[in-house]
Amino acid sequence: MTTLKVRNTLTNRLETFEPLTPGKVRMYVCGPTVYDYFHIGNARPFVVFDMVRRTLETLGHDVTYVQNITDIDDKIIERAREQGTDAAGVAKKYTQAYFEDLERLGVKAANHAPKATEYVPQIIEMIQALEARGMTYTCDGDVYYRVSKFPHYGCLSGKNPDDLRAGASQRTQDEHTAKKEHPADFALWKGQKAPDEPAWESPWGPGRPGWHIECSAMSTGLLGNTFDIHAGGEDLVFPHHENEIAQSQAATGEPFVRYWLHNAFLNIAKEETPLTEEQQEVVQRLEGALKAGETETWQRLRDELNEQNVHLEIDEQAKAISFKASKSLKNVPKLREVFARGYSGQVVRFFLLRTHYRSPVTFSWSLLDEARKSLGRWEEVRNRLHRAMEQGRSDGAHEHPLATELAAARERYRAEMAEDFNTSGAIGAAFHLISQINAALNEATPPAKSVLEAAQAALAEMEAMLGLSFEVQAEAKLPAEVQELLQQRAEARKRRDFAESDRIRDELKVKGYIVRDTRQGQTCEPA
RNA sequence: GGUGGCGUGCCCGAGUGGUCCAAGGGGAUGGUUUGCAAAACCAUAUUUCGCGGGUUCGAAUCCCGCCGCCACCUCCA
């Protein structure tokens with residue numbers, strides 16, 4: 001089995017991956033809080049860790065994959081208030097949308113997709129275990145975790161609880177913070193404060209789980225006290241995952257997770273930060289005020305823009321401003337918008353996987369177009385191979401040099417993927433092979449069927465790890481009207497009536513079909 | 001202010017001591033192929049990897065300084 005190396009956030013090192021039980025991998029990925037449709041940035045961890053799962057499986061591991069759904073949370077309650085419904089309704093709506101979007105992205109269904117609201121008894125049990133060990137304190141119906149009692153606190157994020165205290169001291173007017181013994185302490189259980197807040201009975205009165213505890217309860221409940229991989233976006237390192245470690249290890253007395261994997265963020269290109277005319281005007285006024293040194297004015301304008309989710313970086317010395325696009329989450333297109341603009345889930349997937357998962361990705365529509373074109377090349381070689389097989393000859397060149405290239409490409413691809421899931425490098429290897437396959441198919445005597453089959457198998461393995469799959473275009477599937485035109489065109493070409501042939505080609509183009517002529521005749525596919 | 005990370009050719013993006021005058025993709029230009037296209041293939045783009053020093057026989061890759069960018073420290077993936 002190929003030796004897999006992964007970058008473990010716990011050690012900040014590349015480590016050889018060895019599951020607790022050889023051949024079996026238990027992994028948990030933080031899922032969505034279902035209060036809205038998810039955007040292309042949210043999609044990144046879903047796609048990335050699905051790729052991780054598929055790669056592990058291709059390398060011969062049996063993977064148990066858990067991805068939770070946070071269906072009770074402040075943001076959900078807030079959204080329900082806005083929409084005039086209840087939290088359960090909001091959660092249900094966006095949970096369904098989440099599964100639909102995941103499917104379009106080609107994300108394999110998790111073995112378990114637990115919901116926080118279904119784990120309340122286990123959550124209460126875990127809090128009680130922590131309580132029994134003196135790790136908690138209660139305050140106005142809230143239960144807090146006492147960070148100072150956990151000696152390893154900060155082991156994942158490298159943060160020092162004392163620094164957190166210093167940083168938080170400016171925010172003591174926050175009543176929530178004021179109640180806590182230490183600013184880093186966090187809620188395990190939140191007492192019900194308003195009648196419209198969903199609540200469950202508990203030993204501490206009616207309330208709901210804190211955010212971090214649900215993941216501890218669900219992951220250890222489904223995967224055991226110690227499991228192999230826990231993954232999510234890098235923003236979760238602190239405080240979410242740090243707190244999960246603190247809770248889980250204190251409650252079970254056992255190590256929690258062996259390998260922590262975190263993906264980097266997606267940013268939005270500046271040109272994709274659309275401002276309304278009014279906002280642009282405000283920005284201009286702000287620039288003027290900044291240059292003129294009218295501090296009060298520009299600060300007021302900045303706050304005004306902030307309220308509209310336009311976040312600016314202001315450099316007072318240089319008197320310059322820039323956009324903090326990544327913070328302006330409203331600028332990140334929803335996946336549904338991306339699909340509505342005609343991009344397939346697979347294109348989004350490929351776009352996200354072109355970049356190594358620990359490097360930031362910049363989103364723009366033109367970069368998405370670039371990814372689509374690139375992916376089209378991959379799809380095209382699949383079609384060409386398929387056609388070559390159909391017209392296939394077993395008398396081709398059996399000793400074709402392509403055969404040896406295949407083995408080399410496979411090996412290089414695997415090695416790249418095994419090096420902390422280097423999808424960029426692996427895709428490079430794939431395209432190198434694709435060029436060679438294309439060159440072989442251009443030859444007057446193409447390789448024999450056996451070689452072509454091996455080429456298909458090599459590509460299939462690569463696709464399996466990335467989670468790509470191409471539907472082979474079949475002419476039988478084209479509408480009858482299109483097939484009729486193709487028939488006419490074929491006949492015109494037999495007569496060498498190129499004027500008619502070109503006319504039909506143009507007509508089909510208008511209808512959205514691309515016609516190409518090859519040595520073996522014409523091909524047709526939707527544009 | 002603290003912590004972690006990044007800066008690669010026109011653009012995107014791998015590479016982290018020699019095999020790199022930098023994989024692969026997008027774009028551009030020229031060629032092969034084609035009735036013409038498209039697709040595919042081939043070739044090309046002031047030795048070049050933020051800037052300045054240093055280590056080394058040798059650096060995009062290591063060290064120091066500077067500049068710029070990003071994330072987290074606020075229940076944003």
Side-chain angles (χ1 to χ4, degrees), chain A residues 9 12 29-33 38-49 70 73-75 154 157-160 162-164 166-168 171 174 176-177 183-184 186-187 190 210-212 231-240 243 262-267 313 322 324 326-327 329 332 350-351 354-356 358-362 364 366-367 369-378 380-381 383-384 412 416 419 422-443 493 496-499 501-502 505-506 509 514-519 522-523:
Chain A
T9 311
N12 257 323
V29 181
C30 282
T33 300
F38 71 81
H39 58 64
I40 187 161
N42 300 123
R44 191 172 188 195
F46 304 153
V47 166
V48 160
F49 297 114
T70 300
D73 173 271
D74 293 357
K75 288 196 290 287
S157 58
K159 294 197 188 304
N160 178 341
D162 295 334
D163 293 342
L164 298 173
R171 298 194 301 268
D174 183 327
H176 228 49
T177 311
F186 54 92
K190 295 179 165 185
W211 174 39
H212 315 294
E234 67 180 355
D235 58 314
L236 297 179
V237 172
F238 189 90
H240 186 55
N243 292 351
H262 294 97
N263 66 276
F265 258 46
L266 177 137
N267 300 311
E313 271 292 89
S322 58
K324 254 193 129 140
S326 61
K327 283 274 184 185
L329 292 179
V332 184
F350 188 72
F351 167 75
R354 284 197 315 167
T355 308
H356 183 90
R358 282 190 291 103
S359 298
V361 165
T362 302
S364 76
S366 57
L367 288 169
D369 284 334
E370 204 179 282
R372 174 155 66 182
K373 279 181 196 146
S374 177
L375 188 65
R377 198 173 145 71
W378 192 318
E380 178 61 14
V381 77
N383 285 329
R384 290 189 77 191
R412 188 181 143 202
E416 294 284 10
E419 194 74 9
N422 188 352
T423 49
S424 302
I427 289 170
F431 277 113
H432 182 68
L433 176 64
I434 286 169
S435 291
Q436 289 171 316
I437 295 173
N438 273 321
L441 290 172
N442 280 353
E443 288 166 13
R493 291 181 67 73
R496 299 189 66 80
D497 180 355
F498 293 119
S501 163
D502 292 353
R505 184 169 65 194
D506 289 344
K509 193 175 177 186
I514 300 290
V515 179
R516 290 181 192 138
D517 296 302
T518 70
R519 276 205 181 109
Q522 63 186 354
T523 71

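Just so it is clear, the values below take in all heavy atoms, side chains as well, and ignore hydrogens, waters and symmetry mates. Chain A is the first sequence line, chain B the second, and so forth, proteins listed ahead of strands; every chain is numbered from 1.
To the nearest angstrom, P of B/A23 lies 15 Å from CD of A/Q436.
A search for ring pair (Phe, Tyr, Trp, His ring centres under 6.0 Å) contacts involving A/F431 returns A/W378, not counting sequence neighbours. With sequence neighbours left out, the side-chain hydrogen bond (donor to acceptor under 3.5 Å, both in side chains) criterion links A/S435 to A/R377. Residues passing the ring pair (Phe, Tyr, Trp, His ring centres under 6.0 Å) test with A/F46, sequence neighbours excluded: A/F38, A/Y98. In this structure, A/R384 has no salt bridge (Lys or Arg N to Asp or Glu O under 4.0 Å) partners at least two apart in sequence or on a different chain. With sequence neighbours excluded, no residue satisfies side-chain hydrogen bond (donor to acceptor under 3.5 Å, both in side chains) with A/N263. Qualifying side-chain contact (heavy atoms from CB on, under 4.5 Å) partners for A/D74, counting only residues two or more places apart in sequence or in other chains: A/K190, A/R208. Residues satisfying the salt bridge (Lys or Arg N to Asp or Glu O under 4.0 Å) test with A/R354, not counting sequence neighbours, are A/E370. Partners of A/D369 by salt bridge (Lys or Arg N to Asp or Glu O under 4.0 Å), not counting sequence neighbours, listed by chain and number: A/R372. A/S424 pairs by the side-chain hydrogen bond (donor to acceptor under 3.5 Å, both in side chains) definition with nothing, not counting sequence neighbours.
Across all strands shown, A/F431 has heavy atoms under 4.0 Å from sugar-phosphate atoms exclusively, and none from any base.
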Protein N or O to nucleotides 38-40 of chain B N or O, pairs below 3.5 Å:
| residue | atom | partner | partner atom | Å |
| --- | --- | --- | --- | --- |
| B/A38 | O2' | A/R516 | NE | 3.2 |
| B/A38 | N1 | A/D517 | O | 3.3 |
| B/A39 | O4' | A/R516 | NE | 3.4 |
| B/A39 | O2' | A/E380 | OE2 | 3.3 |
| B/A40 | O3' | A/N438 | ND2 | 3.2 |
| B/A40 | O2' | A/R384 | NH1 | 3.2 |
| B/A40 | O2' | A/N442 | OD1 | 3.4 |
| B/A40 | O2' | A/N442 | ND2 | 2.8 |

Problem - Secondary-structure string, 5' to 3', Watson-Crick or G-U under 3.5 Å, | for another-strand partners, for RNA chain B - result: ((((((((.[[[..)..(.....]]].(((((.......))))).....[[[[[..)....]]]]])))))))....
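Annotation: of the two residues near RNA chain B, A/W211 and A/R496, the 5′-most nearest-nucleotide partner is A/R496.
Rounding to the nearest 0.5 Å gives a distance of 12.0 Å between CG of A/N442 and CD1 of A/I437.
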Completion exercise
Its contact letters, B for base, S for sugar-phosphate only and - for none at protein heavy atoms under 4.0 Å, make nucleotides 4-19 of chain B read --------SSSS----
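For A/K373 and B/G27, the shortest distance from a side-chain N or O to OP1 or OP2 is below 4.0 Å.
Donor-acceptor pairing under 3.5 Å, judged by distance alone, is present between the side chain of A/R493 and the base of B/G35.
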